[in-house]
> 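One structure, as structure tokens, below. Some questions next.
Quick caveat, the model's predicted, so the values are computed rather than measured.
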Amino acid sequence: MSNSQYEHRPMYGDIRLYSGTSAPDLANNIASFLDLPLCDRDIVKFPNDNIFVKLHSSVRGQDCYVIQSTSIPVQYNLMEMLILIQTLRLDSAARITAVIPYLCYSRSDKKDQPRVPITARLVADMIEVAGADRYMTFDLHADQIQGFFSIPGDVLYAYHVLIGHLTDLVKKMKNPVMVSPDLGFAKKARNYATSLDIPLAFIEKRRLSNAPTAKALTLIGDVTDRDCIVLDEEISTGNTIGTAVGLIKEHGAKSITVVFIHPVLSPGSAEKLVAMPVERFITTDTIPIPPETRAKFGDRLKIISISSLLSEVISRAHAGRSVGELFNE
């Protein structure tokens, strides 16, 4: 048999896709792209809040993927994922990959004040101890979180699914400018601005306490009479984006589009967002947005799915092919 016949031969058994309960639509879309079924399992929450998982069929020797976004309710979704991973490990799966579109606690990545935890490291340890061999995730708060894992992983970027839509949008704009609401996100915002061939502005802010509020101090760059694209990693309470939108509107922005990768959208945030002078909101489905929340935005909200990208990465991981070459890396 020639070497070419061995090329990209799967290293494990068949793909087995398992979904937690946090992102069923995303899991179904991934399964559809891969032309594979989601494997049956029971996930039961007992009256005492304990979680019970049972697989309907054996996974011995198989290549298993657990799809679960660790969004609100964070503690439940995280624990459910860990128990599902351990169930697969105890049933002798050949390899288990935790597919986590949104990784919880990623903002707790360092000791930036006395007597505080590094919870992102704890979460990484828990995923490994549960039995995961690999992980996949999107847009970590800080790329160095990869160093908390001893297992290999693929950190993907929503840039690859958002940039095409933004390119079409920019063509319709007047003097567009990319705005980063946080200097910490400026490097990623610059990558988008460079690809779109538009200028970049920054908002300097200072977080004054552990409260979920931040004070915008300075706008660096010109937004006057320009169509602005405000880009952030995630929106939780909406306070940071609200401050940014207010500041650039004060400086004469013509229109504002808000783009965010992870729609955390904690209670009350949707009401804040829809009240802002924002023309459109663009996000992804790393976290599912409930129908009643989507309805509040009306036609101002556009959701770009990551499912096709994730399905391609899963396919390549299974076959032992490079993920980097998918992005010409």
> Mind checking what makes ring pair (Phe, Tyr, Trp, His ring centres under 6.0 Å) contact with His165, not counting sequence neighbours?
none
> Would you call Phe138 and Thr284 a side-chain contact if the rule is heavy atoms closer than 4.5 Å?
no
> List for me each residue that meets ring pair (Phe, Tyr, Trp, His ring centres under 6.0 Å) alongside Phe281, sequence neighbours excluded, and say none if there are none.
Phe297
> Roughly how far apart are Ile83 CD1 and Ile43 CD1, rounded to 0.5 Å?
9.0 Å
> Does any pair with a residue in residues 138-149 pass salt bridge (Lys or Arg N to Asp or Glu O under 4.0 Å), and if so which ones, sequence neighbours excluded?
Asp139-Lys188
> Over all heavy atoms of both residues, which pair between Lys111 and Val116 is shortest? Give the atoms and the distance, please.
NZ-O, 3.0 Å
> Spell out, yes or no, whether Ile96 and Ile151 are grouped together once hydrophobic residues are joined by side-chain heavy atoms under 4.5 Å, including indirect joins.
yes
> Minimum heavy-atom separation for Ile163 to Ser195, with atom names?
CD1-CB, 3.9 Å
> Would you compute the distance between atom CD1 of Ile282 and atom CD1 of Ile303 and round it to the nearest 0.5 angstrom?
11.5 Å
> Using 0.5 Å steps for rounding, measure from the CD atom of Glu234 to the OG1 atom of Thr240.
9.5 Å
> Any side-chain heavy atom of Asn239 within less than 4.5 Å of one from Lys272?
yes
> Can you list the residues that meet the ring pair (Phe, Tyr, Trp, His ring centres under 6.0 Å) rule with Tyr135, with sequence neighbours excluded?
Phe149
> Under a single-linkage definition using a 4.5 Å side-chain heavy-atom cutoff for Ile, Leu, Val, Met, Phe, Trp and Tyr, are Leu309 and Leu166 assigned to the same hydrophobic cluster?
yes
> Check residues 120-129 and write down every donor-acceptor pair under 3.5 Å in which the side-chain atom is one partner and the other belongs to a residue at least two apart or another chain.
unit_1, atom_1, unit_2, atom_2, d
Arg121, NE, Asp125, OD1, 3.1
Arg121, NE, Asp125, OD2, 3.4
Glu128, OE2, Ser150, N, 2.8

> Show me the pairs that pass salt bridge (Lys or Arg N to Asp or Glu O under 4.0 Å) and involve residues 72-100, at least two apart or across chains.
Asp63-Arg95, Arg89-Asp133
> Taking all non-hydrogen atoms of both residues into account, name the closest pair between Thr70 and Cys104 and its distance.
OG1-N, 2.8 Å
> Apart from Leu90 itself, which Ile, Leu, Val, Met, Phe, Trp or Tyr residues share its cluster (side-chain heavy atoms under 4.5 Å, direct or through members)?
none
> Are Ser69 and Leu26 close enough that some pair of their side-chain heavy atoms sits under 4.5 Å apart?
no
> Is Ser311 reaching over with its side chain to a backbone N or O of Ser308, donor-acceptor style, under 3.5 angstrom?
yes
> Side-chain donor-acceptor contacts of residues 250-261 below 3.5 Å, not counting sequence neighbours, with atom names and distances?
unit_1, atom_1, unit_2, atom_2, d
His251, ND1, Leu247, O, 2.9
Ser255, OG, Asp227, OD1, 2.5
Thr257, OG1, Arg280, NH1, 2.8

> Give me each pair satisfying ring-ring contact (aromatic ring centres under 6.0 Å, His included) with a member in residues 68-109, each pair once, sequence neighbours excluded.
Tyr102-His262
> Please collect all salt bridge (Lys or Arg N to Asp or Glu O under 4.0 Å) contacts where either partner lies in residues 281-307, sequence neighbours excluded, each pair once.
Glu271-Lys296
> Can you measure from CD (Glu233) to CZ (Arg107) and round to the nearest 0.5 angstrom?
5.0 Å
> Write down the atom of Met136, the atom of Ala317, and the distance for their closest heavy-atom approach.
CE-CB, 3.8 Å
> Could you tell me whether Met173 atom CE has more than 12 heavy atoms of other residues or ligands within 6.0 Å of it?
yes
> Are the side chains of Val323 and Leu156 in touch, meaning some heavy atoms are under 4.5 Å apart?
yes
> Would Gln62 and Leu88 count as a side chain to side chain contact (heavy atoms under 4.5 Å, CB included) here? Give the steps.
CA-CA 10 Å; Gln62 305 304 301; Leu88 295 168; over 6 Å; no
> Looking at CG of Leu36 and CZ of Arg16, how far apart are the two atoms once the value is rounded to the nearest 0.5 Å?
8.5 Å
> Provide the full list of side chain to side chain donor-acceptor pair (under 3.5 Å) pairs with a residue in residues 167-179, sequence neighbours left out, each pair given once.
Lys174-Asp225
> Do any pairs count as a salt bridge (Lys or Arg N to Asp or Glu O under 4.0 Å) and have a residue in residues 26-53, sequence neighbours left out, and if so which ones?
Lys45-Asp49
